[in-house]
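I have placed the structure first, in the form of structure tokens, so that the comments after it can refer back to it.
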Amino acid sequence: MKTFSIAIHGGAGTLIKGMMTPELELHYKQALKDALDVGYYQLENGGTAIDAVEVAVKSLEDSPLFNAGKGSVFTAEEAHEMDAAIMDGKTLHAGAVSLISGIKNPVSLARDVMEKSEHVFLAGDGAMQFAKELNYKLEDADYFYDEFRYKQWLEIKDTDSFQLDHSAKKDSKFGTVGAVACDQEGNIAAATSTGGMTNKKWGRVGDSPMIGAGNYANNKTCAVSCTGSGEFFIRGVVAYDVACLMEHKEMSLQEASEMVINKRILEIGGDGGLIAVDAKGNIAMPFNTEGMYRACKSSIGKEEVSIYK
Ligand code: ASP
């Protein structure tokens, strides 16, 4: 049997000093562990990488602790607009949605775009129409209401500023979630989901749903899910850049991931991190911020649930 593995993230960055209590840290770690376990369970039982990343991301979307699904941040219009993407490294099939609202699990809608439409990326009203045709149930605003997020938004709602999850001055935390997995057949997949930035407007979309920027998978190289300052990650085409360094420069997964996060994205001003696996089950989780909510587990006994460096 080949080595199988999974890695997940709940965003890069750090909580503003004083906000992280030992109790809250335990909550975060438990939520990460729960998501890791449901994904790993799939792989252990012969499930596919694409199933594993979807269930792991759904678990993170259902937690109010992360900026995706239930915990999504507020837009300038006091609403929630979510983005998600999923990609299958075996077939190179991909699905993505952006600017959707009321959907409990955006990652599943992205998967439906991949499997039930002729398209890769659906946005806004059209994506919602697609969800309606598939009989998605819409959650009301109460489901997505979170006092902490609301207060975050109230602080900046009358300004032109927008902020990444929890960010304040130099401290910032990006709460996007993601998962990458390698299954027993050596197929890999990646999924990413986010609420984007607090107080965002004009239909702002970050890197998370963009194939090649925030999310990418190809059995030949790697599966990657990113978190960080989306505008920079889009310009750096970060997830695909990792794959390119592996394919064209013959770098290992670790070397390529570190080169992109600790050098190439930093050089253009981006901060954040990524999680990645290759088809041999190797895992890399580099970040250039003070911390990244992350966890991984592989069939050769590696297991980690961490927040800080
Ligand atoms: N990359 C995401 C975005 O720019 C934010 C995050 O990682 O939390 O939308």
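Atoms within a ligand are numbered from 1 in the order they appear, just like the ligands themselves. FYI, side chains are in, hydrogens and waters are out, and symmetry mates aren't considered; it's all heavy atoms of this structure.
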Legend entry - Carboxylate-amine/guanidinium contact Asp51 Arg111, below 4.0 Å: yes
Legend entry - Test: Glu303 and Lys33 ion pair at under 4.0 Å: yes
Inset, instruction - Verify the ring-centre separation between Phe4 and Tyr40: is it less than 6.0 angstrom? - result: yes
Inset, instruction - Kindly confirm or rule out an N or O of Gly196 lying under 3.5 angstrom from an N or O of ligand 1. - result: no
Inset, instruction - For ligand 1, find out whether one of its N or O atoms is nearer than 3.5 Å to an N or O atom of Thr176. - result: yes
Legend entry - Check against ring-ring contact (aromatic ring centres under 6.0 Å, His included), Phe130 and Tyr136: CA-CA 9 Å; Phe130 176 69; Tyr136 269 73; 7.9 Å; no
Legend entry - Ser208 touching ligand 1 at heavy-atom level, < 4.0 angstrom: yes
Inset, instruction - Output yes when the distance from some N or O of ligand 1 to some N or O of Met197 is under 3.5 Å, and no in every other case. - result: no
Legend entry - Short N-O contact, Glu247 and Lys220, less than 4.0 angstrom: yes
Legend entry - Any N or O of Thr194 closer than 3.5 Å to N or O of ligand 1: no
Legend entry - N-O pairing of Glu231 and Arg204 below 4.0 Å: yes
Legend entry - Close approach, Asn67 and ligand 1, non-hydrogen under 4.0 angstrom: no
Legend entry - Heavy-atom gap Gly214 to ligand 1 smaller than 4.0 Å: no
Legend entry - Check: Gly206 N/O within less than 3.5 Å of ligand 1 N/O: no
Legend entry - Short N-O contact, Lys151 and Glu147, less than 4.0 angstrom: yes
Legend entry - Per-atom contacts, ligand 1 versus Gly175 - under 4.0 Å to a heavy atom: 8 (O)
Inset, instruction - Please determine, by modelled atom types, if Ser225 and His9 share a side-chain donor-acceptor pair under 3.5 angstrom. - result: yes
Legend entry - Per-atom contacts of ligand 1 with Asp207, taking only distances under 4.0 Å to non-hydrogen atoms: 1 (N), 2 (C), 3 (C), 4 (O)
Inset, instruction - Assess Arg204 for proximity to ligand 1: is some non-hydrogen atom of it under 4.0 Å away? - result: yes
